[in-house]
Amino acid sequence: MTSRYREVYAGWQKNPEAFWAEAARDIDWTTPPDQIFDAKAGVYGRWFPDAQCNVCWNAVDRHVAEGRGAQDAIIYDSPLADAKARFTYAQLLDEVSTLAAVLQDMGVGKGDRVIVYMPMIPEALFAMLACARIGAVHSVVFGGFAAKELATRIDDATPKAVLTASCGIEPGRLVTYKPLLDEAISLASAKPESVLLLQRPQVVASMIEGRDHDWAQAMQSARDAGRRAYCVTLNATDPLYILYTSGTTGIPKGVVRDNGGHMVALKWTMENLYGIKPGEVFWAASDVGWVVGHSYIVYAPLLHGATTVVYEGKPVGTPDAGAFWRMIEEYKIAALFTAPTAFRAIKKEDPNAEHIKRYDLKSLRTLFLAGERADPDTVQWAERILGVPVIDHWWQTETGWCIVGNPVGLGMLPVKHGSPTVPMPGYDVQIVDEAAHPVPDGKMGSIVIKLPLPPGALPTLWRNDERMHESYLAEFPGFYKTADAGFRDEDGYLYIMGRTDDIINVAGHRLSTGGMEEVLASHPDVAECAVIGIKDALKGEQPCGFAVLKSGVMRDPAIIEKELVSLVRDKIGPVAAFKIAVTVARLPKTRSGKILRGTMKKIADGDEWTAPATIDDPAILDEIRDSLKAKGV
Ligand code: COA
Ligand code: AMP
């Protein structure tokens, strides 16, 4: 099939408002949009400023009303809990409307924030949808974060309630959420009024009288009383959720998503980008704590009337490297979406893909990869073992959906390994130099997007228009700064090569080295420090910390290094995967005092490096190399 991409993209370029007005017809509005875009509203304009809607209606009730009640909405599969379950759209409606009534009984209403701190279980989706139903703004916090990170988010979002479970399950250990939550609430200045706690069979958590409510009991009472909440009417521009993501400091950015634009964009992608029909099974093997989970475990597949999959397991070790293939066969999955690191993990365990021979994967049409750069080796390996197209696509928490991809539904363009292909309608992507001038094809530059961003992308940061402006809009006036660098080739294909800030990508998880530096600097023996991301064959990158000790510190550096590793785990969480701390005598700096992180990274990665002309003392670079060698890096 020849691709309709160029025609569709040109159509969007010619008249963006007409394009999004047409896409908006697929949504059930309480008040359909008259005005498509208001350039004067918000930080850079707002989509569908006069429309009204409810996301939960479109993701749940609408499908029941249209005859999909008996179709599976959610398939839950947990090798870690040894549990499986299915929820039809009718059952989902019952769960979500009852839970929404429970939230109302707890005093939660339109505009109130609710933190969802939960593992990969269907109740996490019920929680998000219940908030959407009554206009509460959810903020899901990933389970791998420590209490302090949770506290920071509680203080920024000031939630009325927190929804949690007694535990998450990681291979070989239970993650007890409740003590982490209790600690976070005691650290936070903003105290939520109530906590709704789901007791899982693996761990029974203690409850605080007056504040904590038992999930099962509250649901039962609501059912006994015949309580169900109906969908409230919201402005398309009202916030649906806040999702915190790493910024360049320890304070995460609260990315805001709206109700209307978000629905329009995500619904458009299901058919046109992912090539999925309502009723098919779509599996995003991520976590609801990340943007991929928000958009493609929860909202997009449900808005589309597809079946989504909640998998509480890993690509390897639960029980083996055939886990993904078992899932595809068992649930007749049409498209799988995951991070390249998951495939690197499978390849490492089972390089000849022996496990795949045990399964029938004929339902699978496409594999989508995102979250980090898809290295050509991994893409080629996945193509070979699966025999289906492997589509890399690039996006960010901020955009909420794909910026550059290969639109399977419009007809695939030829794949070029190492490139996520071409900009999606909505995105005018340009490569510029420091003065914001376009650079020629083939030349690296900063990747920017001409404003306005499309529907679905962040309108602002939570209660912080100023940080939104400073972080994304100030440096290149008229453009959104992606903070990624890359180039475009002569066919218009984009190549995304890495970040221009101090964000690193570890196993598809976005982390701030600045945040880790703040933690290392808080150690009483540390005078100064630097954290860089270094190459890792499995996770893409891993953090590596350098610390200069205060003069007069006589303690064994090896002990201090161990303390630094535990400090990052305690303060940020296991997800930081911070395992290497090296004490050094000095850090390499320019004469103006800037730490030469880029050169240190080249040394650690074994890449060619030369001492920059501005370096204060070149001998320090040799010291760094020797310290890394002594550490076995
Ligand atoms: N709750 C608590 N802890 C968690 C967690 C969660 N939800 N998720 C991960 N962790 C912990 C892990 O147990 C691990 O702890 P450890 O140091 O005690 O071993 C640590 O955080 C680091 O996790 P991770 O970097 O994911 O490494 P891993 O060794 O557990 O797994 C992969 C490696 C490649 C299998 C895994 O990262 C993976 O499946 N990635 C898929 C990509 C993905 O989901 N990306 C999200 C965006 S699309
Ligand atoms: P997150 O906000 O967690 O989704 O991380 C976004 C960042 O991950 C981007 O800014 C990129 O640096 C990186 N990233 C995500 N997807 C890709 C991809 N397909 N190719 C290259 N980098 C990617």
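Excluded from the calculations below are hydrogen atoms, water molecules and symmetry mates; all remaining heavy atoms, backbone and side chain alike, are included. Each ligand, and each atom within it, is numbered from 1 in the order the structure gives.
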Practice problem: May I ask whether K579 places a heavy atom under 4.0 Å from ligand 1? | Solution: yes

Self-check item: For atom 16 (N) of ligand 2, closest protein heavy-atom neighbour
Solution: G371 N, 3.1 Å

Exercise. For R499, take its heavy atoms, then give the atoms of ligand 2 lying under 4.0 Å from any of them.
Key: 9 (C), 10 (O), 12 (O)

Quiz prompt | Candidate list I447, L494, T500, I403, test side-chain contact (heavy atoms from CB on, under 4.5 Å), partner D484, passing option | solution = I447

Practice problem: Taking the six-membered ring for Trp and the single ring otherwise, decide whether the centroids of H393 and Y274 are under 6.0 Å apart. | Solution: yes

Practice problem: Give the residue, atom name and distance (to 0.1 Å) of the protein heavy atom nearest atom 37 (O) of ligand 1. | Solution: A507 CB, 3.4 Å

Quiz item: Pick one: which of L511, V568, V519 meets side-chain contact (heavy atoms from CB on, under 4.5 Å) with F578?
Solution: V568

Quiz item: Are R344 and E372 within salt-bridge range, i.e. N to O under 4.0 Å?
Solution: yes

Self-check item: Under 4.0 Å to a heavy atom of D392 - the qualifying atoms of ligand 2, by number
Solution: 18 (C), 19 (N)

Self-check item: ligand 1 contact by V506, heavy-atom criterion under 4.0 angstrom
Solution: no

Quiz item: Under the 4.0 Å line, does any protein heavy atom show up next to atom 47 (C) of ligand 1?
Solution: yes

Quiz item: Which heavy atom of the protein is the closest neighbour of atom 25 (O) of ligand 1, given with residue, atom name and distance?
Solution: K539 NZ, 3.0 Å

Quiz item: Considering only the protein, which heavy-atom contact is closest to atom 10 (O) of ligand 2, and what is its distance?
Solution: D484 OD2, 2.5 Å

Practice problem: Quick one: look up the protein heavy atom nearest atom 26 (O) of ligand 1 and list residue, atom name and how far away it is. | Solution: H509 NE2, 3.4 Å

Quiz prompt | Test: R510 and E398 ion pair at under 4.0 Å | solution = yes

Exercise. Answer with yes or no whether the side chains of Y359 and E330 bring together a donor and an acceptor at under 3.5 Å.
Key: no

Exercise. Heavy-atom distances under 4.0 Å are what count here, so tell me which part of R173 touches ligand 1: side chain, backbone, both or neither.
Key: side chain

Quiz item: So which heavy atom in the protein is nearest atom 1 (P) of ligand 2, and how far is it from that ligand atom?
Solution: T397 OG1, 3.4 Å

Practice problem: For ligand 2, indicate whether the residue H393 contacts it via side chain, backbone, both or neither (heavy-atom separation under 4.0 Å). | Solution: backbone

Quiz item: Given that the side chain starts at C-beta and the backbone is N, CA, C, O, which of these parts of W395 lies under 4.0 Å from ligand 2, counting heavy atoms, or is it both or neither?
Solution: backbone

Quiz item: Judged by non-hydrogen atoms, does P315 sit under 4.0 Å from ligand 1?
Solution: yes

Exercise. For V292, take its heavy atoms, then give the atoms of ligand 1 lying under 4.0 Å from any of them.
Key: 48 (S)

Quiz item: T421 side chain to V415 main-chain N or O, any donor-acceptor pair under 3.5 Å?
Solution: no

Practice problem: Find all atoms of ligand 2 within a distance of less than 4.0 Å from any non-hydrogen atom belonging to N505, and give their numbers and elements. | Solution: 8 (O), 13 (C)

Self-check item: Per atom 10 (N) of ligand 1, closest listed option by heavy atom (E349, K348, E170)
Solution: E170

Quiz prompt | salt_bridge(R200, E312) N-O dist < 4.0 Å | solution = yes

Quiz item: What is the nearest protein non-hydrogen atom to atom 41 (C) of ligand 1, stated with its residue, atom name and distance?
Solution: T341 CG2, 3.8 Å

Self-check item: Identity and separation of the nearest protein heavy atom to atom 20 (C) of ligand 1
Solution: P574 O, 3.2 Å

Practice problem: Measure the distances from the heavy atoms of G371 to every atom of ligand 1 and state whether one is below 4.0 angstrom. | Solution: no

Quiz item: Below 4.0 angstrom, N of the basic side chain to O of the carboxylate: do K443 and D433 qualify?
Solution: no

Quiz item: Is there side-chain contact between I276 and R365, with heavy atoms separated by less than 4.5 Å?
Solution: yes

Quiz prompt | F337 near ligand 1 by a heavy-atom separation under 4.0 Å | solution = no

Practice problem: Kindly identify the option in E372, R510, M497, H509 whose heavy atom sits closest to atom 3 (O) of ligand 2. | Solution: R510

Quiz item: Are E349 and H355 close enough that a side-chain donor and a side-chain acceptor fall under 3.5 Å?
Solution: no

Exercise. Distance to 0.1 Å, residue and atom name: give those for the protein heavy atom nearest to atom 17 (O) of ligand 1.
Key: R569 NH1, 3.0 Å

Quiz item: What protein heavy atom is closest to atom 8 (N) of ligand 1, reported as residue, atom name and distance in Å?
Solution: F142 CZ, 3.3 Å

Quiz item: Under the 3.5 angstrom rule, does the side chain of H262 hit a backbone N or O of P455 as a donor-acceptor pair?
Solution: no

Practice problem: Using ring pair (Phe, Tyr, Trp, His ring centres under 6.0 Å) as the criterion, point out the one residue from W290, W401, Y296 that pairs with W395. | Solution: Y296

Quiz item: Given the protein's heavy atoms, is any one of them under 4.0 Å from atom 30 (O) of ligand 1?
Solution: yes

Exercise. Give a yes or no answer on whether the side chain of K178 reaches the backbone of S206 with a donor-acceptor pair at less than 3.5 Å.
Key: yes

Quiz prompt | Whether Y311 and F324 hold their rings parallel, tilted or perpendicular, with breakpoints at 30° and 60° | solution = perpendicular

Self-check item: Whether P420 lies under 4.0 Å from ligand 2, heavy atom
Solution: no

Quiz item: Considering only heavy atoms, does R373 approach ligand 2 within less than 4.0 Å through its side chain, its backbone, both, or neither?
Solution: both

Quiz item: Is the backbone of M412 close enough, under 3.5 Å, to the side chain of N406 for a donor and an acceptor to pair up by distance?
Solution: no

